[in-house]
Amino acid sequence: MQARLVAKDIACRRGERLLFRALSLACDAGESCHITGANGIGKSSLIRILAGLLRPYAGKIDREGAMGLVDERLALDTNLPLGRALAFWQRIDGCREPGRALDLLQLGPLRDVPVRYLSTGQKKRAALARLLNRGCPIWLLDEPLNGLDSQAQKVFETLIEQHCANGGIAIVASHQHIALPSPSRVELAEFAA
Amino acid sequence: MIGTLLRRDLGLLLPGGRGGGSVLPLLFFLAVAMLYPFAVGPDAQLLARTGGGVIWVAALLAAILPLEKLVSSDLEAGVFDQLHLRGISEELAMAVRLLAHWLAFAPLLLLATLPAAGLLGLDGATTRTVLLGLLAGTPGLAAVGLAVAALTAALRGGAALAGLMVIPLAVPILIFGAGALSTTGDGGIALAAAISLGLCAVTPFVAGAAIRSAREG
């Protein structure tokens, strides 16, 4: 089955404020999309709408394929060592080769360190490892570069490139520059209400 | 998958688990049973007559203590978001957590009831009634606690509010469970069990809806 994510005429309302409207985007297998815009314009809300965690105020979303989300919430047990915290999600996801993600993101040496002692960038890499272990075709990434050093950024950009080359979809909300395989961009300011 | 969820929840909630579950509710429960004779004096008859009720009140209050981190920390950490993306509904996650919450506090509480009954000088028959009543009532207490914890998870100062909200909701269980002490027969215990079952059936849906609405907020 080909992965696909199509959003049609999405509007988002938070509280009394209409953040954006009439936003459409379509990603087929192998495509990526960069969502840009100033702080508070609704990038994170859009990602959460695409993930199905927020209901759009208007519009419709069609998805084909499992989704993985990385946002500012780590969803790892902070008291546990990194290896065991990730192991919970590996078991849920039925991941067969958990070592691969740890190696790719250079987390191997941190396996026994409790999650609460990790730095911002290391936590981000841990979240990305959880995403890789999930092995899902649609990646929804909210500010994935926050806290990553330049080397880790490079590694991550390569990972996205490979993911898309394998027929995956990557939707990245970030105010930072990020090298994505396809040039598609959504500038949220154009859809502001 | 349910086994995986349950294992994580138990690790989070069990006393001495890596998640920092604590024996404090248990000690609190025993402390009440220990303080009560000091407060009312050494009248063995009075203690034996009222002791069962005291154990019930202590159990109810002890059930409030672990509510603080029952739901809110996972909500904040986005665990339920990640589960939702994996097609695991909030209702299922809450049903599993209800079981884990009960397992983490009720068996130990029942065990601690024995020394508490000794401290209060309860006879064998009364102790048996208290134990059976607690066995029937604690699932209901756990259910009320979980539902309230989920409803207040996204609020600031939610933990204190949760404690206050649990008390009135737990009154029916208390009435029938502790009421079985003053009547003959097991009718009260059966009613407490019925209320418990009803609450356990409803709670996953209440708590699941609460988590979804907290996400929209």
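Every chain is numbered from 1 and lettered A, B, ... according to where its sequence line falls, protein lines coming before strand lines.
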**Study point:** Atom group of B:Arg7 that falls short of 4.5 Å from chain A, counting heavy atoms
**Key:** side chain

Check your understanding: If you draw a 6.0 Å radius around CD in A:Glu187, do more than 12 non-hydrogen atoms from other residues or ligands fall strictly inside?
Key -> yes

Check your understanding: For the side chain of A:Arg14 and the backbone of B:Glu216, is there at least one donor-acceptor N/O pair under 3.5 Å apart?
Key -> yes

Review point. Hey, does A:Leu53 have a side-chain heavy atom less than 4.5 Å from the side chain of B:Phe80?
Key: no

Check your understanding: When you look at CD1 of B:Ile2, are more than 12 heavy atoms from neighbouring residues, nucleotides or ligands closer to it than 6.0 Å?
Key -> no

Exercise for review: For each of B:Arg86, B:Arg212, B:Arg215, tally heavy-atom pairs with chain A at distances under 4.5 Å, and name the one with the top tally.
Suggested key: B:Arg86

Check your understanding: Can you find a pair of side-chain heavy atoms, one from B:Gln82 and one from A:Arg73, that are under 4.5 Å apart?
Key -> no

Review point. Is the number of heavy atoms from other residues, nucleotides or ligands under 6.0 Å of A:Arg116 CZ greater than 12?
Key: yes

Study note, to complete from the structure: Okay, A:Leu74 and chain B: the region with an atom under 4.5 Å from a heavy atom over there is backbone

Check your understanding: Contact part of B:Leu75 toward chain A, heavy-atom cut-off under 4.5 Å: side chain, backbone, both or neither?
Key -> backbone

Review point. Do the side chains of B:Arg8 and A:Arg91 get nearer than 4.5 Å, heavy atoms only?
Key: no

Point to revise | Part of A:Ala66 within contact of chain B (heavy atom distance under 4.5 Å) | key: neither

**Study point:** Part of A:Arg55 lying under 4.5 Å from any heavy atom of chain B
**Key:** both

Review point. More than 12 heavy atoms of other residues, nucleotides or ligands under 6.0 Å from CD of B:Glu68: is that the case?
Key: no

Review point. Between A:Trp89 and B:Thr4, is any pair of side-chain heavy atoms under 4.5 Å apart?
Key: no

Check your understanding: Most heavy-atom pairs under 4.5 angstrom with chain B, which of A:Gly52, A:Gly94, A:Ala75?
Key -> A:Ala75

Check your understanding: Side chain, backbone, both or neither: which part of B:Ile88 has an atom under 4.5 Å from a heavy atom of chain A?
Key -> side chain

Check your understanding: So do the side chains of A:Ile92 and B:Leu5 get within less than 4.5 Å of each other, counting heavy atoms only?
Key -> yes

